[in-house]
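Quick note: numbers below take in every heavy atom, side chains included, and nothing from hydrogens, waters or symmetry partners. In the text below, chain A, chain B and the rest are named by the order of the sequence lines, each starting its count at 1.
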Number of protein chains: 2
Amino acid sequence: MTNTERSPRRAATEARILDAALDVFADHGFRGATLDGIASAAGMSKPNLLYYFATKEEMHVALLDGLMDTWLDPLEALDPTGEPIEELRAYIRRKLAMAQRYPRESRLFANEIVQGAPRIASMLSGRLRALVQAKAAILDEWIMQGRLAPVDPAHLIFAIWATTQHYADFDVQVCAVLDSDDDARFDTALATLEILFIDGLRPRG
Amino acid sequence: MTNTERSPRRAATEARILDAALDVFADHGFRGATLDGIASAAGMSKPNLLYYFATKEEMHVALLDGLMDTWLDPLEALDPTGEPIEELRAYIRRKLAMAQRYPRESRLFANEIVQGAPRIASMLSGRLRALVQAKAAILDEWIMQGRLAPVDPAHLIFAIWATTQHYADFDVQVCAVLDSDDDARFDTALATLEILFIDGLRPRG
DNA sequence: TTGGAATTTTTCCATCTGGTCAAATGCTAC
DNA sequence: GTAGCATTTGACCAGATGGAAAAATTCCAA
């Protein structure tokens, strides 16, 4: 049996490092992040960092691996036995809440993917694709039953990802355009997205 | 009179450099881009680059400044005298075409904004905000006239940006999930986005 | 053709950065 | 208390990178 048990002390230090690394990676991307920056954010020396994670890459991988589950949770929770419109409304709500609560995680992934996902390509065509295909099958079923407008399920998921993560990844732009960084922007966003996705722009006459 | 005229030769070389720089900046972000990489992509020596642009930053600024106009064109073209639904449908079409034709430009901006827009903050709260506010006024007018569902205009614009630029910025993810890099994804995307934005997911009964 | 300006390259440098090493310190079981 | 292990750090290194200098080459007008 491999010893996967780590002392609580070690686990706590690793968590502190990963939290600092998340800050720095989200703000500067993998290449832009420096070990000095992460060490300083974690309140320790650079060699001490490398005592816990042998390389910068290892830190990055640990972050991505550890966060992927949480990141995909909202989609996992899409319930095939639920009412389609309400399920999607709830999914949008969960995903937007995720962007609000975990903006660093969102920007970590965004940085990685915008630059061609050099370090997580396999995850995209593996877990991620599998999950989307599974959920797309549910959406297709709903569409066939006439309980959902006939859209491409994968692209619908893309649209929900794009609009919700926008409030994390492009937050500085959103705040600049709105001329405000009041948290209320998330409420307005949710209201707008619900109307858009559920009933669209055409006035119901 | 300041001499803003540059020889055609110089202009051509500058254009060649900026094209190479766009490649590299889009792929690696500002920090990740190297002068060696840009020089190599432009087919010239590094010091020769610096003969035309004194610093890496200057190249980056030249790119952002030069591309902002093109980038905002689709929104500029929103016509207050047009039919609201058709205007927005056309805007979505233009913006998606932009993402398809100019993915590098989209990723250049995405890289910059995800990392906090350290070099274009003023543009965001200047030109960009002004343009959005101007167009939001048009949308508000349409909403007051009952020709558009009552959504927050700025957030509607955000949603259109997010969904269309997604096909440039997150292209590797889109292709990985779809398991295809066929150009047809843009057609499917357009069809899906039109249905979503115009009529929403709720089946018309 | 030729002189001077524009362009290009070779060489070089200072700094930053990921990572190593050995020494020092702290912690815990006995 | 102390032996032995875990943790932490200061000093250091090699390669990458942004940029400077100056020489070499090309181009063009007269």
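- Partner of L108(B) under the side-chain contact (heavy atoms from CB on, under 4.5 Å) criterion, out of L67(B), I113(B), D169(B): L67(B) alone.
- For DNA chain C, the residues of residues 18-33 of chain A within the heavy-atom distance limit of 4.0 Å (strictly under) are A33(A), sorted by number.
- Contact check, R10(A) against dT7(D): a side-chain N or O comes under 4.0 Å of OP1 or OP2.
- Looking at heavy atoms from C-beta onward, L193(B) lies out of side-chain contact with R93(B) at the 4.5 angstrom threshold.
- Contact check on R147(A) versus E141(A) returns no salt bridge, with no Lys/Arg side-chain nitrogen under 4.0 Å from an Asp/Glu carboxylate oxygen.
- Rounded to whole Å, atom P of dT9(C) lies 14 Å from atom CG of D36(B).
- Backbone-only contact: T34(B) has heavy atoms under 4.0 Å from sugar-phosphate atoms and none from a base.
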Check nucleotides 23-30 of chain C for protein N or O atoms closer than 3.5 Å to its own N or O atoms and list the pairs.
none

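- T34(B) is not listed as a side-chain neighbour of H28(B), based on a closest heavy-atom distance of 4.5 Å or more.
- The aromatic rings of F158(A) and W161(A) sit tilted, their planes meeting at an angle between 30° and 60°.
- Protein atom NZ of K46(B) is 14 Å distant from nucleotide atom P of dT9(C), rounded to whole Å.
- Using a 4.5 Å cut-off on side-chain heavy atoms (C-beta onward), Q115(B) and N111(A) make contact.
- Two residues are said to be in side-chain contact when any heavy atoms from C-beta on lie closer than 4.5 Å; M59(B) and L35(B) meet this criterion.
- Ion pairing of D171(A) with R185(A) is present here, as a side-chain N (NZ or NE/NH1/NH2) and a carboxylate O approach within less than 4.0 Å.
- Taking atom CG of residue L35(A) and atom P of nucleotide dT9(D), one finds them 15 Å apart after rounding to whole Å.
- Residues of residues 49-67 of chain B that place a heavy atom closer than 4.0 Å to DNA chain C, in numerical order, are Y51(B), Y52(B).
- Between dT7(C) and N48(B), no contact under 4.0 Å exists linking OP1 or OP2 to a side-chain N or O.
- Here the straight-line distance linking atom CE of M98(A) with atom CH2 of W71(A) works out to 6.0 Å at 0.5 Å rounding.
- The number of heavy-atom neighbours closer than 6.0 Å to OH of Y102(A), taken from other residues, nucleotides and ligands shown, is 12 or below.
- Spacing between atom CD1 of I17(A) and atom P of dT7(D) amounts to 11 Å, rounded to whole angstrom units.
- Ring planes of F25(B) and F30(B): parallel class, angle under 30° (limits at 30 and 60°).
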